[in-house]
Amino acid sequence: MMKKFALFVFNGDPMCFIHVLLNGLDMKEKGHAPKIILEGASVKLIPELVKPDHPLNKLWAKALAQDIVEGVCKACSAKLGTLEDAKSQGLTLLDDMAGHPAMAGYEADGFQIITF
């Protein structure tokens, strides 16, 4: 049975984010529906992840290609200076709760919420 997971990432540490990417890709491979939502300090990774020499670049590209990156917090990316980077990468800006993505909407849609 397919399960839906909303992976909310608040932590901007690459060592945390690698686990989000790996778990999201693993869930997808196993037939589930993961969605990665970048929030808080994690939005600072946006300009770094596209750099070819960044250690997470290949995993990030794979997550994008498999369409498991739901988007980024509009308010946090604006506050932390990565809004234009998110736009230039074509990432969806999530802002349905005072500029931030709302967990309640995912829960109402049957997603299990996991925070990092």
Side-chain angles (χ1 to χ4, degrees):
M1 172 187 271
M2 180 191 76
K3 295 180 183 178
K4 299 186 327 185
F5 298 95
L7 309 175
F8 275 78
V9 192
F10 294 90
N11 191 321
D13 181 351
M15 288 304 292
C16 175
F17 198 68
I18 190 172
H19 293 94
V20 175
L21 293 171
L22 290 170
N23 277 288
L25 291 165
D26 183 60
M27 289 171 178
K28 177 80 173 189
E29 184 179 305
K30 291 182 171 142
H32 300 298
K35 295 292 182 184
I36 297 172
I37 298 103
L38 286 84
E39 256 277 28
S42 74
V43 303
K44 292 191 291 185
L45 293 169
I46 295 168
E48 302 303 313
L49 295 169
V50 294
K51 294 179 180 175
D53 61 339
H54 192 280
L56 300 181
N57 175 266
K58 287 184 175 66
L59 284 174
W60 177 245
K62 188 173 181 180
L64 290 171
Q66 292 194 20
D67 198 30
I68 64 171
V69 178
E70 176 83 346
V72 302
C73 176
K74 183 176 182 181
C76 290
S77 59
K79 179 71 174 172
L80 296 173
T82 60
L83 181 62
E84 293 307 314
D85 294 292
K87 288 180 181 178
S88 71
Q89 289 184 42
L91 300 172
T92 301
L93 300 176
L94 306 171
D95 65 353
D96 58 326
M97 182 187 68
H100 302 271
M103 290 181 183
Y106 290 95
E107 196 277 330
D109 286 339
F111 282 83
Q112 178 179 338
I113 297 170
I114 301 171
T115 60
F116 293 84

Asker: For Phe17, run the side chain to side chain contact (heavy atoms under 4.5 Å, CB included) check against Leu38, Asn11, Leu22 and tell me which one passes.
Answerer: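 When Leu38, Asn11, Leu22 are each tested with Phe17, the side chain to side chain contact (heavy atoms under 4.5 Å, CB included) holds only for Leu38.
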Asker: Taking all atoms of both residues into account, what is the closest heavy-atom pair of Ser77 and Leu93, and its distance?
Answerer: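 For Ser77 and Leu93, the tightest heavy-atom pair comes out as OG-CD2, 4.5 Å.
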Asker: Starting at CD1 of Ile68, measure out to CD1 of Ile36 and round the result to the nearest 0.5 Å.
Answerer: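 Here the interatomic distance stands at 4.0 Å.
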Asker: When rounded to the nearest 0.5 angstrom, what distance separates CD in Glu107 from NZ in Lys4?
Answerer: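 Answer rounded to 0.5 Å: 10.5 Å.
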Asker: Are Val43 and Glu39 close enough that some pair of their side-chain heavy atoms sits under 4.5 Å apart?
Answerer: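 The answer is no, as the side chains (C-beta and beyond) never meet within the 4.5 Å cut-off.
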Asker: For the atom pair CG (Leu56) and CD1 (Ile18), what is the distance rounded to the nearest 0.5 Å?
Answerer: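 Result: 5.5 Å between the selected atoms.
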Asker: Consider only side-chain N and O atoms of Glu70 and Tyr106, and report whether a donor and an acceptor are under 3.5 Å apart.
Answerer: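 A pair is found: one side chain offers a donor N or O, the other an acceptor, under 3.5 Å apart.
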Asker: Nearest 0.5 Å, what's the CE-CG distance between Met103 and Asp96?
Answerer: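 Separation between the atoms: 11.5 Å.
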Asker: Would you say the rings of His19 and Phe116 are close, in the sense that their centroids are separated by under 6.0 Å?
Answerer: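 For Phe116 and His19, the ring centres are not under 6.0 Å apart.
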Asker: SG/Cys16 to CG/Leu21 distance, rounded to the nearest 0.5 angstrom?
Answerer: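 Going from the SG atom of Cys16 to the CG atom of Leu21 covers 10.0 Å.
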Asker: Is there a side-chain contact between Lys51 and Asn57 in this structure, where contact means two heavy atoms from C-beta onward sitting under 4.5 Å apart?
Answerer: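 Not in contact.
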Asker: Could you check whether any side-chain heavy atom of Trp60 comes within less than 4.5 Å of a side-chain heavy atom of Val69, counting everything from C-beta outward?
Answerer: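 With C-beta onward as the side chain, the pair touches.
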Asker: Using a cut-off of 6.0 Å, state whether more than 12 heavy atoms not belonging to Lys35 lie near its atom NZ.
Answerer: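 It does: Lys35 NZ has more than 12 such atoms within range.
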Asker: SG/Cys76 to CG/Asp95 distance, rounded to the nearest 0.5 angstrom?
Answerer: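 Spacing of SG (Cys76) from CG (Asp95) equals 11.5 Å.
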